[in-house]
Amino acid sequence: MKEAEAEEQQEFSYQQRLKAAVHYTMGCLCNEVALDKEVQFSKQTIAAISEVTFQQCEHFAKDLEMFARHAKRSTISTEDVKLLARRSNSLLKYITEKNEEIAQLNQEQKAKKKKKLENETKNSIEPEDTEVMESEN
Amino acid sequence: MADSPSPDSEPTTRTLLRRVLDTADVRSPRRRRSARNAIQRSVFETTSSRSLGSQTKTSVRRRSHGARSIGRLAHVQASAYLEKDTPRTLLKNILLTAPESSIMMPNPVVKLVPLSQVVQSYRRESSQGSLELQLPELDPPTTLGPGLPTSSRKKQRLRLSVFQQEVNQGLPLSQELPVNADSSSFTRSLNLTFTTPLQPQSVRRPGLARRPPTRRAVDVGALLQDLQDNSVASAPPGDSLRIPVATQPTNIVLEDTQPFSQPLVSSFPSVHHSLPHPPHTGVEDAERTLDRRTWNSGLELQDHMSRTDYATTSSPISELQPPLPEVTEAAGSEEAVRVKELEGSSEDEDTSGEPASPELATSTPELLQAKQSHEFLELPPPPGVGVLPSEPLEPVPARLPSRPRAAGPRPYRDPYRTGLSHYVKLFSFHAKMPMEKKAVEMVERCLDKYFQNLCNDLEVFAAHAGRKTVKPEDLELLLRRQGLVTDEVSMHVLVEQHLPMEYRQLLIPCAFSGNSVFPAH
């Protein structure tokens, strides 16, 4: 019982830390927007937005998990994220563009890795051949 | 033949009616005097032609007494086929079944006592009422007043007790043997029908005898008809289980609508036999005569199954569109639920099959309680669109008995909005306050968007799982997102809570005997 309570407390404190982090990030963003639009944000506004953001993050996480399970996967993929963002068109566009960028990056990285591997295998084969030749000789 | 008591002695309304019924042609103006003469002639002829050799002692008297009754019987038998519920039949019923009785007891007792022995013996011999049992209904002077059925009802007890007296050869009066008296007094009419014994009971207790007998007849008949229709549509044998389940609600609904449902007094035997047929004709008539909008919200399973099957088999969408919006119009929230779920499924398939169909999406119902089962989606298509109108609805039965629907000019209904108007009406009903037209329009637009969203979601979910068909898993996901299905509340729980019994059988797998599970998952 006590352990359960302790765990709960730990979770609670963990949550609070997360909320604090979100709140801090929200404050920074709001300050940026305030400077940009020359509008001021009250503290209650920032608190409200951060609270809403936190709850939305929870929702998103659950939805992503559901989507992944629906597609019979155990990992959340970009497809799930796109499904999540389908409601707002601009967000969807943004996400798909980002997705493509990342995909390109991945491909480039893969290509580089392949080249490296090929080089390494060539190098490894040649010394082997030389060894073999030496052994034969 | 000689001793026939003059039929004109103490002409009462009863006797007059009897004569009229016996002799008058069906649907011909009654000519009393000539009818009477005709009766006498016909009666004598029939008596002479009949072989009454079995009766010995009082055969002559019996013949005379039974002459008229024989004639009546003959006429009745001959014209039994004509007996539908007409005033004629009502009267005939009354005359045949309601016993003649008068407050003046002594005369009939005096007349019939000497014959009681014979009556009894012959009654035992011949189970089928024959001539000898005609005796009680003859000449006892009756003073029936204008209230013929009521007086007969009141006098029944007296009458029966009197008869009992006669039968038991002067035993003390017992007023409490109605059943025996009934069966005995009405055996005379056995050769006509075997249901008339029910009549006195029904006359006494109208509430009891009305629905149950007709119900069974209709069920079987209509069920067979539906089965035939479905089998014609080459339904796979595996689905034969479902179809009867599906048709059951229609049957139950159908019988409520029956304009042929027999009122009490006229529950004639021939009617009972012919009951299976009028329902069929009633259904067909309902098909043709009812306006589409009356049946439009075909809430029955078959309706929806047919529509969804159209979608799956990629039948022309145009065929679906007119019935669909009309179909969504439904009265009754239960039906609305069913409509919602099934139409939602159909809509999803449509959208997944042919994306360019926004109008269908608009008429999709709320999917909050939607339980889509792939069994619905994969059911074979029923015969044709003709089947669609064959399901009258609960609102229809409520209306039909009140007045037959006059085929007036049908108001124009925008199919785009027709489906939503019903839900808007539900909304305004639940609001418990009068609503402005603008508010109604706003609600309509909101519902439109909402349903579009829901169905887009379903389509996307199906695509996300790499499928082209919307399946129950997609619906479960949708409900989960809406918060209706949680870790504690599963979809089966919602199905059991909100859907009618028949849907539960189709949706929730249940193990049956023989190691079989239905529906197979």
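Protein chains get the first letters and strands the later ones, always in sequence-line order, with residue 1 at the start of each.
Atom CD of Gln497(B) has more than 12 heavy atoms from other residues, nucleotides or ligands within 6.0 Å. Atom CZ of Phe427(B) has 12 or fewer neighbouring heavy atoms from other residues, nucleotides or ligands inside a 6.0 Å radius. Atom CD of Gln16(A) sits in a crowded spot, with more than 12 heavy atoms from other residues, nucleotides or ligands closer than 6.0 Å. Counting heavy atoms of neighbouring residues, nucleotides and ligands inside a 6.0 Å radius, atom CZ of Phe429(B) does not exceed 12 of them.
By the side chain to side chain contact (heavy atoms under 4.5 Å, CB included) test, Thr486(B) pairs with Glu488(B), Val489(B), sequence neighbours left out. Under the side chain to side chain contact (heavy atoms under 4.5 Å, CB included) criterion, Val460(B) pairs with Leu83(A), Arg86(A), sequence neighbours left out. Under the side chain to side chain contact (heavy atoms under 4.5 Å, CB included) criterion, Ile95(A) pairs with Val81(A), Lys82(A), Ala85(A), Leu91(A), sequence neighbours left out.
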Can you list the steps and then say if His70(A) with Asp474(B) is a side-chain contact (heavy atoms from CB on, under 4.5 Å)?
CA-CA 8 Å; His70(A) 185 247; Asp474(B) 304 323; 2.7 Å; yes

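The two residues His464(B) and Phe67(A) come nearest to each other via the heavy atoms CE1-O, 3.1 Å.
Taking 4.5 Å as the heavy-atom cut-off, the residues of residues 71-78 of chain A that approach chain B are Ala71(A), Arg73(A), ordered by number.
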